[in-house]
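These notes are about the structure you will find just below.
Index from 1, following the sequence. Heavy atoms only: backbone and side chains are in, while hydrogens, waters and symmetry mates are out.
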Amino acid sequence: MEWNNKFMTLLYNTVERYHERPNTPVESFFLPEEAQFLVEIGYTPAEMHAYVQEYATCGDPSPSTILLIAATRRSFFVTSQRGISGNAKPLTEEDLPDENDDYQGIPYLPRMIRKAEAKLHGTLGDGLMYFCAKDREFLRNHGNIHPADFLHLTWAAHGDKQKMITTVINAMRQMQAESPQKKIRHMPDAVQSELQLD
């Protein structure tokens, strides 16, 4: 029932372990019971290790954010996938859109969406991390969208990219309205014109 407590204990224990032995290979980093628990929530050791390493080295994302991301993935895994990850080919760096590719003039958005889809479905390759430093910069500067909310949006969109694009643009519009003195980068021209008319 309280998998979240077990998750947080694992997170703190492994962050401490990382500080003690940062060069331990991923395949031998987790204890057998820890690796089994990760399987039960739809995670892989490499996936969890990325968050452990990121928090241990730069303090971001926060433990609560890491938990909320895991909760969204676990919920999708348990309900939509019925606890079965399947044998889908893992997403690799070569499969991702280029960082400069854009949707409606917003660079990085195609890459962000593709990573979120893979994270939700449990197909993010070992060398990739959802909500890495570049993901964090993108979401914070384009509507200040929480990464768990972005995963929920991905789930609700059911592959409808336009729905996701519209949600991001609306978040950017709201962010601009709340801080009109702040210049929002990569604001679509149509939205900029609309705000200027207001």
Side-chain angles (χ1 to χ4, degrees), residues 3 7 10-11 14 26-27 29-30 35-55 58 60-62 64-104 106-169 171:
W3 73 271
F7 182 89
L10 185 154
L11 175 61
T14 51
V26 174
E27 55 270 19
F29 182 81
F30 295 95
Q36 178 57 39
F37 169 69
L38 292 173
V39 170
E40 292 169 2
I41 65 169
Y43 257 46
T44 66
E47 191 172 17
M48 185 65 185
H49 187 271
Y51 291 108
V52 170
Q53 182 180 44
E54 199 79 349
Y55 179 65
C58 66
D60 200 10
S62 68
S64 60
T65 296
I66 295 171
L67 173 63
L68 289 171
I69 291 171
T72 308
R73 163 59 189 149
R74 176 187 174 275
S75 183
F76 184 85
F77 176 66
V78 171
T79 59
S80 295
Q81 295 183 314
R82 300 183 180 182
I84 302 172
S85 293
N87 297 312
K89 178 180 176 290
L91 184 77
T92 66
E93 177 67 35
E94 290 71 29
D95 300 322
L96 283 172
D98 185 80
E99 292 182 12
N100 294 316
D101 287 354
D102 71 275
Y103 283 144
Q104 294 184 212
I106 306 176
Y108 202 86
L109 183 53
R111 186 180 180 92
M112 190 74 238
I113 290 175
R114 188 68 188 91
K115 287 182 72 176
E117 291 172 338
K119 175 67 175 180
L120 189 66
H121 287 83
T123 57
L124 203 61
D126 289 352
L128 299 173
M129 174 187 172
Y130 175 74
F131 205 49
C132 65
K134 290 183 178 180
D135 294 352
R136 295 196 291 272
E137 180 183 15
F138 176 84
L139 291 178
R140 287 167 182 165
N141 291 335
H142 293 79
N144 201 24
I145 303 171
H146 193 281
D149 291 338
F150 197 79
L151 285 180
H152 279 290
L153 168 62
T154 304
W155 188 346
H158 296 293
D160 186 342
K161 300 290 192 298
Q162 188 55 53
K163 182 180 292 186
M164 300 186 71
I165 294 166
T166 299
T167 300
V168 171
I169 290 174

Residues R82, V78; criterion side-chain contact (heavy atoms from CB on, under 4.5 Å); working and verdict: CA-CA 5 Å; R82 300 183 180 182; V78 171; over 6 Å; no
R73 bridged to E47 by N-O distance under 4.0 Å: no
Check ion pair D101-R111 (N to O, under 4.0 angstrom): no
Closest heavy-atom pair and its distance - P90, G125: CB-CA, 4.0 Å
Candidate pair I106 and F138, rule side-chain contact (heavy atoms from CB on, under 4.5 Å), full reasoning: CA-CA 10 Å; I106 306 176; F138 176 84; 3.8 Å; yes
Any residue meeting side chain to side chain contact (heavy atoms under 4.5 Å, CB included) with F7, in chain and number order, not counting sequence neighbours: W3, F37, I41, M48, I66, L67, A70
Evaluation steps, side-chain contact (heavy atoms from CB on, under 4.5 Å), between H121 and Q81: CA-CA 8 Å; H121 287 83; Q81 295 183 314; 4.2 Å; yes
Closest non-hydrogen atom pair between P45 and L38, with its separation: CA-CD1, 3.9 Å
Nearest-0.5 Å distance that lies between atom OG in S62 and atom OH in Y51: 12.0 Å
side-chain contact (heavy atoms from CB on, under 4.5 Å) partner of L128, chosen from T123, T92, L96: L96
Point-to-point distance, once rounded to the nearest 0.5 Å, from CD1 of I113 to OH of Y103: 5.5 Å
Straight-line distance of M164 CE to M112 CE, nearest 0.5 Å: 8.5 Å
Criterion side-chain hydrogen bond (donor to acceptor under 3.5 Å, both in side chains) against Y108, the qualifying member of D102, N100, D135: D135
Check: M129 and K119 side chains under 4.5 Å, non-hydrogen atoms: no
Under 3.5 Å, which donor-acceptor pairs do the side chains of residues 143-158 form with other protein atoms, sequence neighbours left out?
{"residue": "H146", "atom": "ND1", "partner": "A148", "partner atom": "N", "Å": "3.0"}
{"residue": "H152", "atom": "NE2", "partner": "T72", "partner atom": "OG1", "Å": "3.4"}
{"residue": "T154", "atom": "OG1", "partner": "F150", "partner atom": "O", "Å": "2.8"}

Candidate pair L139 and F131, rule side-chain contact (heavy atoms from CB on, under 4.5 Å), full reasoning: CA-CA 9 Å; L139 291 178; F131 205 49; 4.0 Å; yes
T14 (side chain) donor-acceptor with L10 (main chain) under 3.5 angstrom: yes
Lys/Arg N to Asp/Glu carboxylate O, R114 vs E117, below 4.0 Å: yes
Side-chain heavy-atom pair D60, Y55 within 4.5 angstrom cut-off: no
Side chains of Q162 and T166, donor plus acceptor under 3.5 Å: yes
Between CD on residue E27 and NE2 on residue H49, distance to nearest 0.5 Å: 9.5 Å
Separation of D95 CG from K115 NZ (nearest 0.5 Å): 13.0 Å
Gap between atom OH of Y130 and atom CG of L124 - 0.5 Å precision: 10.5 Å
Where A35 and F30 come nearest, the two heavy atoms and their spacing: N-CB, 4.3 Å
Side-chain heavy atoms of P107 within contact of E99, under 4.5 Å: no
